[in-house]
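As structure tokens, the structure follows; a few thoughts come after it.
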Amino acid sequence: MRTRTTAAVIAALFTLALTGCEHTTTATSPSSSSNKKASDEVQTAESAPLPNFTGKGLQSAQDEAQAAGFFTLTSHDALGRDRMQTFDRNWKVCTQEPAAGTHPTDTSINFGTVKLDEDCPAEDAGKADTQAADSASTMADFTGKSVKAVRNDLDSSTSLSVTDASGQDRMVLMESNWQVCTQEPDAGTELEGQPVALTAVKFDESC
């Protein structure tokens with residue numbers, strides 16, 4: 001009798017132990033793919049009309065471009081003399097890139113400029129020339145360009161000497177005011193570390 005009672009007690013305890021066990025469940029988090037999709041969405045810049053700034057003062061053109069929603073603005077010397085537009089009000093716009101029209105507002109606007117008392121050139125001589133960018137390995141034709149522009153185009157390690165072509169033996173101090181008359185070596189020559197020699201006169205003088 002005791003054996004049956006003991007067995008019954010053990011069976012009851014075993015049943016209680018089984019019913020007391022809890023099954024652990026893992027909560028399912030929201031799909032991460034939707035979050036990734038939202039984070040991967042590319043926000044494109046709005047488009048807006050870009051006015052024609054040709055003939056306007058550089059400062060006015062910059063102000064109007066910003067009012068139209070364009071804030072990435074640069075400018076350069078359209079005469080190819082590589083002068084800095086330190087005082088924007090002293091310069092006027094000859095060209096702009098890109099042209100007037102509808103563009104994304106994050107577009108970079110580049111103004112080709114000259115000083116107020118200068119005439120705009122027939123072609124923008126200051127626009128970046130991709131073919132001349134090889135000047136680090138090949139000598140470009142620098143005739144008529146400013147000495148400053150030549151120095152910037154050449155590799156920084158190139159030795160450069162400049163002589164007054166007028167015979168007056170003047171020192172070339174403001175390089176943006178001097179234009180190249182002759183150069184050595186000639187255009188098209190492979191540059192392999194040899195020095196470059198220029199003769200130059202001021203821009204209001206003839207070679």
Side-chain angles (χ1 to χ4, degrees), residues 53-63 65-66 72-98 108-207:
F53 299 110
T54 304
K56 294 187 177 184
L58 178 57
Q59 184 65 65
S60 297
Q62 291 172 335
D63 292 344
Q66 292 177 353
T72 307
L73 309 175
T74 58
S75 61
H76 63 271
D77 183 356
L79 294 180
R81 295 168 62 176
D82 208 21
R83 296 170 295 181
M84 300 293 292
Q85 291 74 60
T86 306
F87 299 104
D88 296 336
R89 288 178 175 82
N90 293 341
W91 296 75
K92 62 184 178 184
V93 176
C94 295
T95 65
Q96 67 182 65
E97 184 66 32
S108 177
I109 314 301
N110 190 353
F111 299 112
T113 64
V114 296
K115 289 190 174 182
L116 296 179
D117 59 350
E118 298 172 339
D119 295 326
C120 289
E123 292 186 10
D124 188 345
K127 187 181 287 188
D129 185 359
T130 55
Q131 309 217 339
D134 257 339
S135 56
S137 59
T138 305
M139 187 70 170
D141 184 3
F142 293 118
T143 305
K145 290 192 174 183
S146 75
V147 173
K148 181 180 179 182
V150 175
R151 188 180 295 279
N152 288 339
D153 284 345
L154 292 173
D155 187 273
S156 59
S157 64
T158 303
S159 298
L160 177 65
S161 62
V162 186
T163 305
D164 181 3
S166 71
Q168 301 178 51
D169 201 25
R170 296 169 295 182
M171 294 184 66
V172 180
L173 300 177
M174 188 71 70
E175 293 184 339
S176 61
N177 290 340
W178 291 73
Q179 62 175 321
V180 175
C181 293
T182 64
Q183 62 184 62
E184 180 64 36
D186 295 330
T189 303
E190 291 294 323
L191 292 178
E192 299 175 338
Q194 66 267 46
V196 173
L198 306 175
T199 64
V201 294
K202 291 186 177 182
F203 269 98
D204 57 355
E205 301 172 344
S206 299
C207 290

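Side-chain atoms are counted along with the backbone in the values below, which use heavy atoms only and exclude waters and symmetry mates. As the structure is a computational prediction, the values presented were derived from the model and not from experiment.
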Checklist outcome for this item: With Q179 as partner, the option from L79, L198, D204, V201 fulfilling side-chain contact (heavy atoms from CB on, under 4.5 Å) is V201
Next on the checklist: Under the rule for side chain to side chain donor-acceptor pair (under 3.5 Å), what residues qualify as partners of K148, not counting sequence neighbours?
Outcome noted: none
Next on the checklist: Contact between Q85 and N90 at the side-chain level, heavy atoms closer than 4.5 Å - yes or no?
Outcome noted: no
Next on the checklist: By the salt bridge (Lys or Arg N to Asp or Glu O under 4.0 Å) test, which pairs, at least two apart or in different chains, include something from residues 110-123?
Outcome noted: R81-E118, R83-E118
Checklist entry - So, for P121 and A78, which heavy atoms are closest and what is the spacing to 0.1 Å? => result CG-O, 3.5 Å
Checklist entry - Do T199 and T182 have side-chain atoms, one donor and one acceptor, less than 3.5 Å apart? => result yes
Checklist entry - Does the side chain of F111 come within less than 4.5 Å of L58's, by heavy atoms? => result yes
Next on the checklist: Test of understanding: with side chain to side chain donor-acceptor pair (under 3.5 Å), list the residues that count as partners of T143, not counting sequence neighbours.
Outcome noted: D141
Checklist entry - Listed by chain and number, what are the side chain to side chain donor-acceptor pair (under 3.5 Å) partners of Q168, not counting sequence neighbours? => result S166
Checklist entry - Side-chain contact, heavy-atom cut-off 4.5 Å: D124 with C94? => result no
Item to check | Pairs meeting criterion salt bridge (Lys or Arg N to Asp or Glu O under 4.0 Å) with involvement of residues 161-177, two or more places apart | outcome: R151-E175, D164-R170, R170-E205
Checklist outcome for this item: Residue set satisfying salt bridge (Lys or Arg N to Asp or Glu O under 4.0 Å) with E184, at least two apart, ordered chain then number -> none
